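Let me begin by presenting the structure, written as structure tokens, before commenting on it.
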Number of protein chains: 2
Amino acid sequence: MSKAKVTITDVAKASGVSNSAVSYALNGKPGVSQETREKVLKVADQLGWRPNKAAKSLSDARTNSVGLVLTYDPAVLSVEAFGMELITGLTARLEEAGYSLLIRSSRNMRAELDILDDWIASGAVDGVFLQNVELGDPRIELMSHHLEMPTVVMGDESLAGGLISLSTNERDGVRVIAEYCADQGHRRIARVAGPENLGHTFIRDNAFMEVAARLGLQYTCLHADYTPEGGRKCTERLLSLPNAPTAIIYDNDVMALTGAQVAAVRGLNVPQDLSVISWDDSFLCEVNALGITALGHNIIERGRTAAGLLLDLIDGKPVESVWEPQEKLVVRASSGPLA
Amino acid sequence: MSKAKVTITDVAKASGVSNSAVSYALNGKPGVSQETREKVLKVADQLGWRPNKAAKSLSDARTNSVGLVLTYDPAVLSVEAFGMELITGLTARLEEAGYSLLIRSSRNMRAELDILDDWIASGAVDGVFLQNVELGDPRIELMSHHLEMPTVVMGDESLAGGLISLSTNERDGVRVIAEYCADQGHRRIARVAGPENLGHTFIRDNAFMEVAARLGLQYTCLHADYTPEGGRKCTERLLSLPNAPTAIIYDNDVMALTGAQVAAVRGLNVPQDLSVISWDDSFLCEVNALGITALGHNIIERGRTAAGLLLDLIDGKPVESVWEPQEKLVVRASSGPLA
DNA sequence: TTGTAAGCGTTATCAG
DNA sequence: CTGATAACGCTTACAA
């Protein structure tokens, strides 16, 4: 049924040469005659030899895998397409380089730090991705003290503490949305933002305040947690204000959708009475009785890019942080001129 | 900045004992005095020692990681919550046992088989999950020839070729839906199914035909690919039939949503003129102008269960295939009695 | 109770 | 060009 594992020694015996000759032959390195090489290759193939991963890793101090810690938050994780798209992009690029993605799950920041510590000390991975960076994120500090572990921060350069990062131009996104609102005649806009501790929330907060001031818009912001419930509550609150906003921007698709629903329930007509705009575009925004205007993002591509950066870092190539090109606003039925 | 890796030998030297004494102490094994043990533990902690993963794996032929191959199909993967929920469930359970999830990406069955081959021969993982099983799936055959590699099939036992599997009772689900339709007075029902090569599609196909016959329902079935476009086209076709169905069941949430949309565009009132039912429940069904009736599934829990099975298998415990309890139909606004 | 040494499967060094 | 041999860091007989 199952052939016993075939080692390099088996191949050596079977082809009547030494252990090292086999190693040279199989790795395409010089030090072995063409004739021997071919014979070894043939035998290895016949025997179905594959390098043992543990042995190889031990020998050359490389695992050919990189790590990603997922935060176990079923309420949010499962609801957003983001995570899966990211993993898809990461693994697609990693696969090209023969790398695997090693995933572990944490319940909180403390647990995630433990995992990173473990990876650093145990050599379980050749590099790590950092996601959902917070203000003063302890992971940044940790990895800064361990530059021997290649790290790519998937978040704004200003939060990366000098580590290599892949940033999206949040400020541009904010500007595009705010100017669009202003163009459509809105004077009072609001935002249902993500968690306040997240770095990109902070950056958007600042950018929105700045651009609102510049454009003379009245701007209100509430922070929620990306969940349907959070979006619902914040929208209720905003729409109950004496001077309710005429356009609301949501930091993710899920909240935008629930927001639009709340508006409908309150008898508001979207977009005549209220424009709804989502920061993240997705299937949710697209396929919906009412299409939701949203800022486009190509998460899969972002994943590919991040993986490429990490691979280069691991290979010791010179790497610089990347700023992603500005995304475009996809205008759909949920937004328009003020009636 | 970065401390050089600390090995067991470092700890041995620092605590003035031998290499093996350290190993015994750190692994809580007998063969070392209480005094020595404590000293070693303290020193190891101070030095920040962690077992090197490659060395440990090489020594005891275990990697403490299990593999999952993702099929790279951006069109589908990113659209469904399924994948992320599954990974969340898997990693949550694996974490409890100190295991990691190793992910690789394939573009097709051939590539996936190569990856499995590689894992089997290289010992890169201690076990694997098989997902989206097809009829006569070559992966089943492959893993059956390599029982030394623990495998859990996340799919119907009838497709698992004797491997340990985690099945959901598809037939029960089919029955629940069909009986619901019949109860509501529908006589002509249709189904927009998933890809025909998938095992669970096949099983549902059969079950639907059986139960429709039993209940005296007229039943039509079209096969699509889980994408919005597929759902749209099939719905168009069904609604154009001379004797159009009055209830359509979709094999996933995405197609159900687009189906409901198509109906609306054609001037049909859901549910008065047409009932729409989704096989998979999800946020998509829940938060929608029109709630979509759907069969509930707890994918996270399913992931946990699958991971538990695989861990037991790896530990050599006696394991039996599991049938998941029957899911309940969550009735929402998209379905109801025939007008 | 302790230390020595062999072995896990590679890669890489160094004589022949 | 080839074949011993050490090294990677850990576990585990086996000897002291």
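Predicted model only: the values in this text are computed from it and were never measured. Only this structure's heavy atoms are used, side chains among them; waters, hydrogens and symmetry mates stay out. To find a chain, count down the sequence lines: A is the first, B the second, and so on, and within it residues start at 1.
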Quick check against the 3.5 Å criterion: does Ser57(A) have a side-chain atom that pairs as donor or acceptor with the backbone of Arg62(A)? yes
Outermost nucleotides of DNA chain C that come under 4.0 Å of a non-hydrogen atom of chain A: dG9(C) to dT13(C)
Rounded distance in Å - NZ (Lys53(B)) to C1' (dG9(D)): 14 Å
Arg93(B) pairs by side chain to side chain contact (heavy atoms under 4.5 Å, CB included) with which of Ile300(B), Leu311(B), Leu309(B), Leu310(B)? Leu311(B)
From NZ of Lys29(B) across to P of dC10(D) the rounded distance in Å is 14 Å
Under 3.5 Å, is there a donor-acceptor pair linking the side chains of Asp156(B) and Ser167(B)? no
Is Asp137(A) salt-bridged to Arg139(A), going by a charged N under 4.0 Å from an acidic O? yes
One should read off an interatomic distance between Glu301(A) CD and Thr305(A) OG1, to the nearest 0.5 angstrom, of 5.0 Å
For Asn27(A), answer base if it contacts any base atom (sugar-phosphate contacts may also be present), sugar-phosphate if it contacts only those atoms, and nothing otherwise; contact means non-hydrogen atoms under 4.0 Å. sugar-phosphate
Test item: Ser144(B) side-chain N/O and Ile140(B) main-chain N/O as donor-acceptor pair under 3.5 Å: yes
Length of the line joining Asn52(B):CG and dT11(D):C1', which is rounded to integer Å: 13 Å
5' precedence on DNA chain C between Leu58(A) and Ser33(B) (nearest-nucleotide basis): Ser33(B)
Sugar-phosphate, base or nothing in reach of Ser23(B), heavy atoms under 4.0 Å: base
Between Asp60(B) and Pro30(B), name the one whose nearest nucleotide on DNA chain C is closer to the 5' end. Pro30(B)
Using a cutoff of under 3.5 Å, can you pull out all pairs of nitrogen or oxygen atoms linking the protein to nucleotides 13-16 of chain D, with atom names and distances?
from, atom 1, to, atom 2, distance (Å)
dA13(D), N7, Tyr24(B), OH, 3.4

Whole-Å distance, Arg62(B) CZ to dT12(D) P, equals 11 Å
Answer yes if the side chains of Asp73(A) and Thr71(A) hold a donor-acceptor pair under 3.5 Å, and no otherwise. no
Between the side chain of Ser15(B) and the main-chain N/O of Val17(B), is any donor-acceptor distance below 3.5 Å? no
Under 4.0 Å, counting only non-hydrogen atoms across every strand here, what does Thr36(A) touch: a base, just sugar-phosphate, or nothing? sugar-phosphate
Test item: Glu112(B) side-chain N/O and Ser106(B) main-chain N/O as donor-acceptor pair under 3.5 Å: no
